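Quick notes on the structure that follows.
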Amino acid sequence: MSNFYNPSQNEERWVSQWEKDVPIHDSKSKGKPFSIVIPPPNVTGSLHIGHSLNYTLQDVFTRWARLKGCSTRWIPGSDHAGIATQAVLEKKLESEGSSKSELGKEAFLKRAWEWKDECRDVIFQQFKKLGITPYWPGERFTMDEQCNKAVKKAFVELYKKDVIFKGNRLVNWDCQLQTAVSDIEVDREDRNGFIWTLEYKTNDGKSIKIATTRPETIFADSAIAVNPNDERFKSYLDNGVNAFIPLVDVEIPIIADDSVDMDFGEGALKVTPAHDHLDFEIGERHDLPIVTILGKDGKLSSHERVPNELHGLNVVAARRKAVEMLENSGSLVDAKKHKSAIGISQRSGSVIEPMLSEQWFLNMKVFKGRALELLKDGSPSFYPERWGGVYGDWWSKVENWCISRQLWWGHQIPAWYPKGDKSKDPIVSENIEEECLSKNHDSKQFVQDEDVLDTWFSSALWPLECFGWPEDDPKENGFFPTSLLITGYDIIFFWVLKMVLMSLAFEDKTPFKEVLIHGLVCDKKGRKMSKSKGNTIDPLEAMDEYGADSLRFALLFNMVPAEVIPFGNDQLVSGQRFMNKIWNAANYINSLEPKNSDFVFYDRSDHWIAQKFNETVASVDKSLEGKDVRKAMQSIHHFFWNEFCDWYLEIAKSRSNNGDLQVASNAKAIMEKFLVISSPFVPFICEDVNLLINNDESLVATRSWPTELEGIDMKESEGFQDIYDSVKSYRKSISILGLSVEEIKEVVIDGSWNQGQEDAFLNILRLKKSGTENGFPIEMAIGKVMIPNIDSSVLSERVDELKRNAEDAEPRIKRLEGQLQNKGFINNAPKDKVQLIRDRLREAQQERDELVKRAAWIQKFSE
RNA sequence: GGGGGGAUAGCUCAGCUGGAUAGAGCGCCUGUCUUACAAACAGGAGGUCGGGGGUUCAAGUCCCUCUCUCCCCA
């Protein structure tokens with residue numbers, strides 16, 4: 001028998017047994033449906049600690065629902081993660097000295113599928129190590145056939161309803177990956193740079209000064225804009241003066257626009273519609289021509305307006321060169337240091353350029369009203385509540401979502417153009433052959449749009465896809481809408497909103513009833529974990545070292561409802577200690593050789609522990625209903641450690657020494673029930689302990705949630721609570737005297753104690769009844785004991801302590817008295833509150849008097 | 001610049017619709033190898049609830065304001 005729990009010995013065994021037996025239990029069950037869809041991890045690498053938290057949480061709720069008799073369905077899967085995967089793969093190719101253009105599209109996609117398979121296998125291996133129990137046969141991949149059907153169907157339907165449309169607009173362009181990205185895939189970063197003041201000559205022989213941070217784009221200027229209220233420029237506007245772009249002498253108008261900030265720079269700005277979002281809007285208002293001088297590769301093109309020296313230079317080099325040329329020509333007036341926010345691609349880390357291009361868009365605003373209306377009715381309801389507000393805010397400011405991407409890896413857009421003519425309206429169809437047949441076209445004359453859809457387009461359909469849409473009605477088995485979504489706050493907009501959008505579009509329902517939002521697992525100082533900082537915790541290593549349960553416990557026990565969840569080895573160690581505590585307790589119960597596991601009330605401690613257990617089950621249920629996993633975990637921890645082990649098992653020692661055979665069976669009965677309520681959280685050790693104490697093959701995971709233990713006599717339970725309190729106050733008194741509990745071997749029982757109380761008290765403290773009659777008295781809830789042969793020199797400290805306690809009670813008494821003298825309180829407060837205060841005052845006074853009396857008594861005793 | 005969260009014990013957080021001596025885990029201090037567990041047990045210290053003002057008989061809790069912090073958006 002080992003004193004240490006070795007978690008690794010059986011982990012694999014339980015994983016395979018759960019996989020084998022638990023789904024059968026699932027489908028057999030005719031209970032209330034409970035469903036979850038997994039936030040599918042990207043097939044870009046291995047899982048991190050944040051995934052561990054997310055999946056553990058889902059497992060907790062799924063296992064809990066299952067034990068409570070629900071028919072559960074938790075769908076696992078993975079996400080093709082278009083841009084992320086392609087970026088990873090391109091980097092990999094680069095390190096092999098190859099590239100995607102060298103490989104060609106077909107071979108590249110083949111590589112991508114191979115990569116996906118590899119990744120998926122690794123990820124699923126890691127899933128399983130955590131001991132999670134999704135419905136494995138239901139696994140989906142966002143690019144599998146089922147999902148592809150769903151994507152095509154959704155696209156075509158939404159296109160028909162004009163929710164999806166094509167447009168030539170400014171989008172965020174990733175020059176490295178050469179694709180459009182959506183607004184939220186762009187991070188803002190403040191970078192040090194310059195703001196240059198340039199002088200543009202005007203056609204009335206004067207000039208106008210403008211300020212810009214991007215002098216390399218002056219060649220794409222369409223106008224100079226000033227505020228209409230700005231007196232400085234009134235004459236320019238009144239006289240219709242035009243300006244000339246320096247270096248190239250292209251003539252552009254000076255226009256008035258309200259959006260120009262008079263206080264910024266020189267009060268005038270150059271308008272470059274093709275390369276700035278704000279300028280694009282100004283351009284639209286004034287119908288300005290759009291001049292594009294940047295290529296898709298982020299380099300200056302050989303547009304006729306661009307000086308030869310700048311052709312083919314990237315933005316940074318072009319800027320340097322342009323400044324030099326402007327300086328030489330005398331157009332540069334001033335250069336100041338300036339911090340400006342620039343867009344950085346989340347995926348490639350390169351600078352994002354606003355770029356005019358033809359893209360597909362989805363008008364999210366169509367669903368805004370309905371989504372907000374449903375949110376008001378609590379659909380979905382968010383935990384913690386405040387995230388509902390954030391979600392609502394996101395909805396209220398939704399815009400068009402650019403859904404096309406110039407990538408290879410993804411769902412290709414189901415739009416077909418007549419060969420060689422992309423300017424015509426496309427045929428949008430799920431099946432081009434059928435479509436052409438019906439219209440008497442030759443399908444060979446059409447080519448599919450090269451672009452693919454944003455990853456989140458297919459992820460948005462995930463809850464529908466997981467339950468068979470569009471072929472099957474997802475509502476059929478009652479699993480849709482799903483019961484609960486568990487995800488990180490960072491993808492509320494990316495994902496949660498978009499799933500709601502699709503479900504509103506096709507089912508007019510939100511796809512989940514409740515949403516549990518959790519924070520990011522960070523290091524113990526609250527910093528984001530990142531490989532470059534070296535502060536990551538690899539879940540696989542953590543599980544190898546501490547066991548999967550310790551990891552699960554550590555994550556759950558510390559899951560604060562904040563944005564940042566601090567996490568470190570300390571948490572894992574405390575998880576490990578708890579597992580060890582459970583293991584040792586189980587071993588001890590075994591050593592008592594229980595004859596069965598029937599719980600029979602025999603001693604008052606039985607009533608007490610049964611009551612504590614019932615309270616714990618109720619607390620776990622209530623906490624999980626409120627999605628407070630941490631509280632549930634704490635209830636379990638507190639019950640087991642501080643009530644079951646510290647008290648019940650301690651008492652079991654003396655009870656069994658005294659020939660009580662029932663206590664072992666009772667301890668085992670409680671332990672077995674405890675295993676069931678703990679199994680959603682720490683499933684491995686529950687199976688291990690069950691095997692240890694029962695030598696039984698049946699799984700804890702397939703049992704039923706315990707019902708209340710019945711037949712508790714509250715008087716007995718409270719009687720034990722008195723003993724509990726008395727032991728505590730005895731220990732405290734001894735400690736105040738500066739003695740140790742161990743050095744006192746016998747006490748005098750003073751007065752008439754009930755026999756059971758006397759036995760329990762003496763046994764718990766390992767004391768004997770003394771033959772003498774005198775001693776130092778200690779008063780407790782159940783009566784008085786006297787400690788014989790005590791050195792009277794230690795007593796003065798005890799007297800001081802009592803006096804101090806009595807004094808400490810005074811301010812409180814004064815306050816209560818004051819409150820009762822306050823007419824406002826007596827007249828306005830509810831009667832029961834007033835009575836409460838009266839009772840409290842009486843108690844406080846009694847307590848104080850008792851302390852004073854005792855102090856006097858001891859003082860007399862010591863003389 | 002706009003919006004939101006937060007400020008309670010050394011740390012991380014609870015504290016419901018105002019009403020007890022403000023709680024938990026971890027950490028810290030003291031004592032103990034007591035027959036499951038020293039990865040344990042027993043005991044203990046530690047908070048003017050960010051500052052100021054207001055509403056109320058009564059404020060950690062409601063309102064205003066200031067300071068500091070985190071997040072999101074532009």
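None of the values given here were measured: they were computed from a predicted structure. So you know, we letter chains A, B, ... as the sequences are listed, proteins then strands, and number each from 1.
In this structure, A:R840 reaches the bases: a heavy-atom distance under 4.0 Å links it to at least one base atom across the strands shown. Among the protein residues, A:E847 comes within range of the nucleic acid bases, having at least one heavy atom under 4.0 Å from a base atom.
By the salt bridge (charged side-chain N to carboxylate O under 4.0 Å, His left out) test, A:D849 is found to be paired with no residue, residues two or more places apart in sequence or in another chain being considered. Checked against side-chain hydrogen bond (donor to acceptor under 3.5 Å, both in side chains), A:K653 has the following partners two or more places apart in sequence or in another chain: A:E650. Partners of A:Y724 by ring pair (Phe, Tyr, Trp, His ring centres under 6.0 Å), not counting sequence neighbours, listed by chain and number: A:W608, A:W647. For A:E687, the side-chain hydrogen bond (donor to acceptor under 3.5 Å, both in side chains) partners two or more places apart in sequence, or in a different chain, are A:W18.
B:G44 and B:C57: their C1' atoms are spaced 38 Å apart (whole Å). For B:U8 and B:G2, the P atoms lie 27 Å apart once the distance is rounded to whole Å. One C1' atom belongs to B:C26, the other to B:C68, and the distance between them is 26 Å to the nearest Å. With both ends at atom C1', the span from B:U32 to B:U69 equals 44 Å, rounded to whole Å. Across the C1' atoms, B:A42 and B:G6 are found 38 Å apart, a figure rounded to whole Å. Rounded to a whole angstrom, the distance from the P atom of B:C72 to that of B:U61 is 29 Å. Rounded to a whole angstrom, the distance from the P atom of B:C66 to that of B:G4 is 15 Å. For the C1' atoms, the distance linking B:A9 with B:G27 amounts to 11 Å, nearest Å.
The list of salt bridge (charged side-chain N to carboxylate O under 4.0 Å, His left out) pairs with a residue in residues 818-833 of chain A, not counting sequence neighbours, is empty. Identified under the salt bridge (charged side-chain N to carboxylate O under 4.0 Å, His left out) test for residues 555-573 of chain A, with sequence neighbours left out: none. Listed by first and then second residue, the salt bridge (charged side-chain N to carboxylate O under 4.0 Å, His left out) pairs involving residues 549-562 of chain A are A:D59-A:R552 (not counting sequence neighbours).
Listed for the A:N822 side chain is a donor-acceptor partner under 3.5 Å among the backbone atoms of A:G824. Side chain of A:K595 to backbone of A:E593: no donor-acceptor contact under 3.5 angstrom is found. A:K368 contributes no side-chain N or O that, together with a main-chain N or O of A:V398, makes up a donor-acceptor pair within less than 3.5 Å. Side-chain atoms of A:Q821 never come within 3.5 Å of backbone atoms of A:G818 as a donor-acceptor pair (strictly under, hydrogens ignored). The closest donor-acceptor contact from the side chain of A:N580 to the backbone of A:Y5 lies under 3.5 Å. Counting only distance, with no hydrogens or angles, the side chain of A:N590 and the backbone of A:L692 share a donor-acceptor pair below 3.5 Å.
For A:W394, the side-chain atoms get nearest to B:C72 when compared with the rest of B:C72, B:A36, B:G43.
Between the side chain of A:R815 and the base of B:U21, no donor-acceptor pair of N or O atoms lies under 3.5 Å.
At whole-Å resolution of the value, NZ in A:K627 and P in B:C16 are 20 Å apart. Regarding A:L572, its CG atom lies at a distance of 14 Å from the C1' atom of B:C26, rounded to whole Å. Across the protein-nucleic acid pair, A:D725 atom CG and B:A42 atom C1' stand 16 Å apart, rounded to whole Å. In this structure, A:W583 atom CH2 and B:A36 atom P are separated by 17 Å, rounded to whole Å. Taking atom CD1 on A:I693 and atom P on B:A36, their separation rounds to 17 Å, with Å as the unit.
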How does each nucleotide of nucleotides 2-15 of chain B score, in 5' to 3' order, for protein heavy atoms under 4.0 Å: base (B), sugar-phosphate only (S), or none (-)? -S-S------SSS-

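The aromatic ring centroids of A:Y730 and A:F761 lie less than 6.0 Å from each other.
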Distance-only donor-acceptor hits, side chain of residues 633-646 of chain A, under 3.5 Å, sequence neighbours excluded:
| unit_1 | atom_1 | unit_2 | atom_2 | d |
| --- | --- | --- | --- | --- |
| A:S635 | OG | A:S619 | OG | 2.6 |
| A:S635 | OG | A:K631 | O | 3.1 |

Collect all protein-nucleotide pairs involving nucleotides 56-63 of chain B in which both atoms are nitrogen or oxygen and the distance is under 3.5 Å.
| unit_1 | atom_1 | unit_2 | atom_2 | d |
| --- | --- | --- | --- | --- |
| B:C57 | OP1 | A:N828 | ND2 | 3.4 |
| B:C57 | O2' | A:N822 | ND2 | 2.5 |

Expected rows: protein N/O vs nucleotides 37-40 of chain B N/O, under 3.5 Å:
| unit_1 | atom_1 | unit_2 | atom_2 | d |
| --- | --- | --- | --- | --- |
| B:C37 | O2 | A:K581 | NZ | 2.9 |
| B:C37 | N3 | A:K581 | NZ | 2.7 |
| B:A39 | O4' | A:R577 | NE | 3.4 |
| B:A40 | O3' | A:K581 | NZ | 3.1 |

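Listed by first residue number, the stems of RNA chain B with at least three Watson-Crick or G-U pairs below 3.5 Å are B:1-7 with B:67-73, B:10-13 with B:23-26, B:28-32 with B:40-44, B:50-54 with B:62-66.
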